[in-house]
Structure formats: structure tokens, C-alpha cells
Colleague: 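The structure under discussion is supplied below as C-alpha cells; questions concerning it will follow.
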Amino acid sequence: QVQLVESGGGLVQAGGSLRLSCAASTRTFSNYDVGWFRQAPGKEREFVSTIKWSGNTYYADSVKGRFTISRDNAANTVYLQMNPLKPEDTAVYYCAATNVRRYDSYATVANPMNYDRWGQGTQVTVSS
């Protein structure tokens, strides 16, 4: 059973930066699409970014140009560099992964139903 563990969340002022990490407990990590989703209080879980096994990346419009997703397959880890942060980025951030091959499109990667492994989440709070 693949486990995902997020880290790197915290409290930061608007304009600041954080780097989230998602570490996976599998040697076949390079075969996985890995995504980040977030959920703010009282809101639905929303897509943030995904990096596919091929290296293709996708971003939600709300974070495009501010967040960068990357992966280190040797370390079985995906990173989400976030800057500059805004108060509206405040949420619990979840890492998700799948090794099921699906059509390579924004609609596919942005659908949380297409991920079968989830981390426990890490809190990001951005103060104004």
C-alpha cells in the first residue's frame, strides 16, 4: 500500500513563500501522476497542480505563475514551490497520486476522483 506524507506547511505572511513536499513509500514512484489539491474551511476541495509520470505539468489558473511543481524520482518526492503567497491560498493542502494511465488532459488531472492515494494534508496559512 503506497503511503503519501506531506510536509512543509506553516504560517507565512502574504508575499512570502513555502515549499511543500510529498514523500511516497514506493520504489515505482516514477510511474505515478502526483497532484496537489487544497481545501479551505467551508469550501470544496479544489485542484492546484499535477505533475504526470511523463513530467507534464498542469496548474489551476489561480496559482499559475506563482506555484511550481516538480519531482525527484530518486527521492520519491514531489514538491510544490509556492510564491508569492496570498491570503486566499490559505487551506489544507493534500497530495494525491495514481498509477492508472488516463487521458492526458487538464480535466482528467483536475478531477480528484482520478486519484486513488491521498496524504493526510498539511495546513498552509497566509496572513494579510
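Computed from heavy atoms alone, side chains included, the values below leave out hydrogens, waters and symmetry copies. These numbers come from a predicted model, not from an experiment.
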Colleague: Among residues two or more places apart or on two chains, list those pairs meeting ring pair (Phe, Tyr, Trp, His ring centres under 6.0 Å) that have a residue in residues 103-128.
Modeller: F37-Y115, F37-W118, F47-Y106

Colleague: With no hydrogens and no angle check, is any side-chain donor or acceptor of S21 less than 3.5 Å from a backbone partner on S7?
Modeller: no

Colleague: For the atom pair CZ (R45) and CZ (R38), what is the distance rounded to the nearest 0.5 Å?
Modeller: 13.0 Å

Colleague: Of the non-hydrogen atoms in P87 and A14, which two are nearest, and what is the gap between them?
Modeller: CD-CB, 4.0 Å

Colleague: Do you reckon I51 sits in the same ILVMFWY cluster as V109, going by side-chain contacts under 4.5 Å, direct or chained?
Modeller: no

Colleague: Is K64 paired with D61 through a side-chain N to carboxylate O contact shorter than 4.0 Å?
Modeller: yes

Colleague: How about E88 and T90: does a side-chain donor come under 3.5 Å of a side-chain acceptor?
Modeller: no

Colleague: Y93 and E6: which non-hydrogen atoms are nearest, and at how many Å?
Modeller: O-OE2, 3.9 Å

Colleague: Can you check whether K86 reaches V126 side chain to side chain, under 4.5 Å on heavy atoms?
Modeller: no

Colleague: Show the nearest heavy-atom pair for residues G35 and T50, with the distance to one decimal.
Modeller: CA-OG1, 3.3 Å

Colleague: Could you report the tightest heavy-atom contact between V34 and A97, atom names first, then the distance?
Modeller: CG2-CB, 4.2 Å

Colleague: Kindly compute the distance separating CZ (F67) from CG (L80), expressed to the nearest 0.5 Å.
Modeller: 6.0 Å

Colleague: Which heavy-atom pair separates S105 from T108 by the least distance, and what is that distance?
Modeller: OG-OG1, 2.9 Å

Colleague: side-chain contact (heavy atoms from CB on, under 4.5 Å), that's the test. Do T125 and V12 meet it? Break it down for me.
Modeller: CA-CA 6 Å; T125 303; V12 64; over 6 Å; no

Colleague: Tell me if a side-chain donor or acceptor on T77 pairs with a main-chain N or O of A75 at a distance below 3.5 Å.
Modeller: yes

Colleague: When rounded to the nearest 0.5 angstrom, what distance separates OH in Y79 from CD1 in I69?
Modeller: 12.5 Å

Colleague: Would a single hydrophobic cluster contain both Y32 and W53, if residues Ile, Leu, Val, Met, Phe, Trp and Tyr are joined by side-chain heavy-atom contacts under 4.5 Å?
Modeller: no

Colleague: Is there a side-chain contact between L11 and Q123 in this structure, where contact means two heavy atoms from C-beta onward sitting under 4.5 Å apart?
Modeller: no

Colleague: To the nearest 0.5 Å, how far apart are CZ in R27 and CG in N73?
Modeller: 15.0 Å

Colleague: Run the side-chain contact (heavy atoms from CB on, under 4.5 Å) test on Q120 and L4 for me, step by step, so that the C-alpha distance in whole Å, both residues' side-chain angles and the decisive distance to 0.1 Å come before the verdict.
Modeller: CA-CA 8 Å; Q120 81 289 349; L4 304 175; over 6 Å; no

Colleague: Are Y94 and W36 linked, directly or through other ILVMFWY residues, by side chains that come within less than 4.5 angstrom of each other?
Modeller: no

Colleague: Considering only NZ, NE, NH1 and NH2 on the basic side and carboxylate oxygens on the acidic side, decide whether R102 and D33 come within less than 4.0 Å.
Modeller: no

Colleague: Short question: side chain of N99, backbone of N31 - any donor-acceptor pair under 3.5 Å?
Modeller: no

Colleague: When rounded to the nearest 0.5 angstrom, what is the spacing between OG1 in T98 and CZ in R117?
Modeller: 6.5 Å

Colleague: Is there a side-chain contact between D72 and F29 (heavy atoms, below 4.5 Å)?
Modeller: no

Colleague: Within the side chain of S17, is there an N or O that forms a donor-acceptor pair under 3.5 Å with the backbone of N83?
Modeller: no

Colleague: If you group Ile, Leu, Val, Met, Phe, Trp and Tyr by side-chain heavy-atom gaps below 4.5 Å, do L85 and V92 land in one group?
Modeller: no

Colleague: How long is the straight-line distance from CD of Q81 back to CG of L18, given to the nearest 0.5 Å?
Modeller: 8.5 Å

Colleague: Quick check on the hydrophobic clustering: are V124 and V78 connected, directly or via other members, by side-chain heavy-atom contacts under 4.5 Å?
Modeller: yes

